[in-house]
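Presented below is the structure to which this report refers.
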Amino acid sequence: MTETLERPSTGVTAPRWRLIAFWLSLAALLVLHLGERPEMLAFPVIAFDGGDHAGHEIHLFAQGVFAWLVLVAIAVHLRRPASRIGALWSITLGTAVTFSLLAVFADLPPEVGPILFAAIAVAVLAFLAHPAPLGSKVTSEDRPSPVLAGLAVAAAVPLVVYAVGQLGIHLASGPADEHFEFGHWIIMAAVALIPISLAFVAAAKVPGWRFPLWAAGLMVASLGVASLGINAVSQLSTAWALTAIGWGVAFITAGELESRAGRSGRR
């Protein structure tokens, strides 16, 4: 008989091997994202001080915001992990988008490529090994939201254009450009594409959908805030920065209103 382990806080019973695989996968993802540069967690603060980072502030800020997304998405699994499906989606999609873009576009040593694809495989493994039943990870816990989907589509158009533009600059530059060397343009493309994917996950209302709701809204709004406070390449214009902030606030507000309405309707 397969040995199982039941978590009293979730009521979910999963094979012990699956839980071990899940936690090892999360630990590996934490190391892959933050192991070599834990200082990324300070980037959202130090990016505003200029100094030695002149010209790189925006992509440092973006890296820091994404680092916090990964850390929080992993940390919330320490309590009632089976219910954290929205956070699980955030880890998986964030990893897949970031490492796929780096693997395809970054000028990296040949030996690094397999590591990037291995990271994506680890994220997929974490998704599959997560203690919640597979069906619950890909089905809605409530009726999908047309309002959130509409807001996601509205944001997708300018963000995809922005991401394509950043990748175009990367391809048109070369090693002589220090932004090319540090993957600046690729990072900015990733932080534009990640919130789009998370916005659609939130709109689909997967269990725990409020995590990607907040993650998408805060990522877009933070890019707007950084663009207003930092003068560096890849920053948004003032008009687009204010639009990004407004969209982030509107997306989170719309989702929270739907969440409260849903809770009231179930009483």
Side-chain angles (χ1 to χ4, degrees), residues 1-36 66-104 111-145 148-149 152 190-191 193-216 219:
M1 180 180 295
T2 302
E3 184 178 11
T4 60
L5 181 65
E6 183 172 344
R7 297 296 188 188
S9 60
T10 64
V12 171
T13 301
R16 184 180 293 273
W17 65 263
R18 187 169 144 193
L19 289 171
I20 292 173
F22 173 67
W23 289 113
L24 288 177
S25 298
L26 285 192
L29 287 172
L30 187 62
V31 172
L32 286 165
H33 282 288
L34 292 170
E36 290 191 358
F66 178 64
W68 275 104
L69 168 63
V70 171
L71 180 63
V72 174
I74 291 175
V76 298
H77 283 88
L78 295 174
R79 181 174 180 271
R80 300 176 63 239
S83 65
R84 308 300 185 183
I85 295 173
L88 176 71
W89 272 102
S90 301
I91 298 168
T92 305
L93 289 173
T95 300
V97 170
T98 302
F99 286 102
S100 293
L101 290 177
L102 288 171
V104 173
E111 63 272 15
V112 176
I115 297 175
L116 299 178
F117 288 113
I120 298 172
V122 170
V124 173
L125 175 61
F127 187 90
L128 295 175
H130 186 270
L134 179 60
S136 68
K137 300 171 191 173
V138 295
T139 56
S140 303
E141 68 173 7
D142 199 353
R143 181 181 302 174
S145 170
L148 294 181
V191 298
L193 295 177
I194 290 170
I196 298 173
S197 62
L198 298 184
F200 282 110
V201 170
K205 296 286 186 74
V206 301
W209 59 273
R210 289 176 64 237
F211 190 99
L213 171 86
W214 279 84
M219 284 189 75

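In this chain, residues are counted from 1 in sequence order.
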Please identify each residue that fulfils ring pair (Phe, Tyr, Trp, His ring centres under 6.0 Å) with Phe211, with sequence neighbours left out.
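Phe211 satisfies ring pair (Phe, Tyr, Trp, His ring centres under 6.0 Å) with no other residue.
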Applying ring pair (Phe, Tyr, Trp, His ring centres under 6.0 Å), can you list everything that pairs with Trp209, at least two apart in sequence or on another chain?
none
Answer yes or no: does atom CD of Glu36 have more than 12 heavy-atom neighbours from other residues, nucleotides or ligands under 6.0 Å?
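No, not enclosed.
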With a 4.5 Å limit on heavy-atom distance, are the side chains of [X] and [Y] in contact?
{"X": "Phe99", "Y": "His33", "result": "yes"}
{"X": "Leu26", "Y": "Ile91", "result": "yes"}
{"X": "Ile194", "Y": "Thr98", "result": "yes"}

Counting distance only, does the side-chain N/O of [X] pair as donor-acceptor with the main-chain N or O of [Y] below 3.5 Å?
{"X": "Thr95", "Y": "Ile120", "answer": "no"}
{"X": "Lys137", "Y": "Leu88", "answer": "no"}
{"X": "Thr92", "Y": "Trp89", "answer": "no"}
{"X": "His77", "Y": "Trp23", "answer": "no"}
{"X": "Arg84", "Y": "Arg79", "answer": "yes"}

Of all the heavy-atom pairs spanning Gly208 and Glu141, show the shortest one and how long it is.
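Minimum heavy-atom contact is N-OE1, 4.0 Å.
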Partners meeting side-chain hydrogen bond (donor to acceptor under 3.5 Å, both in side chains) with Ser145 (sequence neighbours left out):
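side-chain hydrogen bond (donor to acceptor under 3.5 Å, both in side chains) list for Ser145, sorted by chain: Glu258.
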What do the steps show when you test Val138 against Val206 for side chain to side chain contact (heavy atoms under 4.5 Å, CB included), and what is the final call?
CA-CA 7 Å; Val138 295; Val206 301; over 6 Å; no
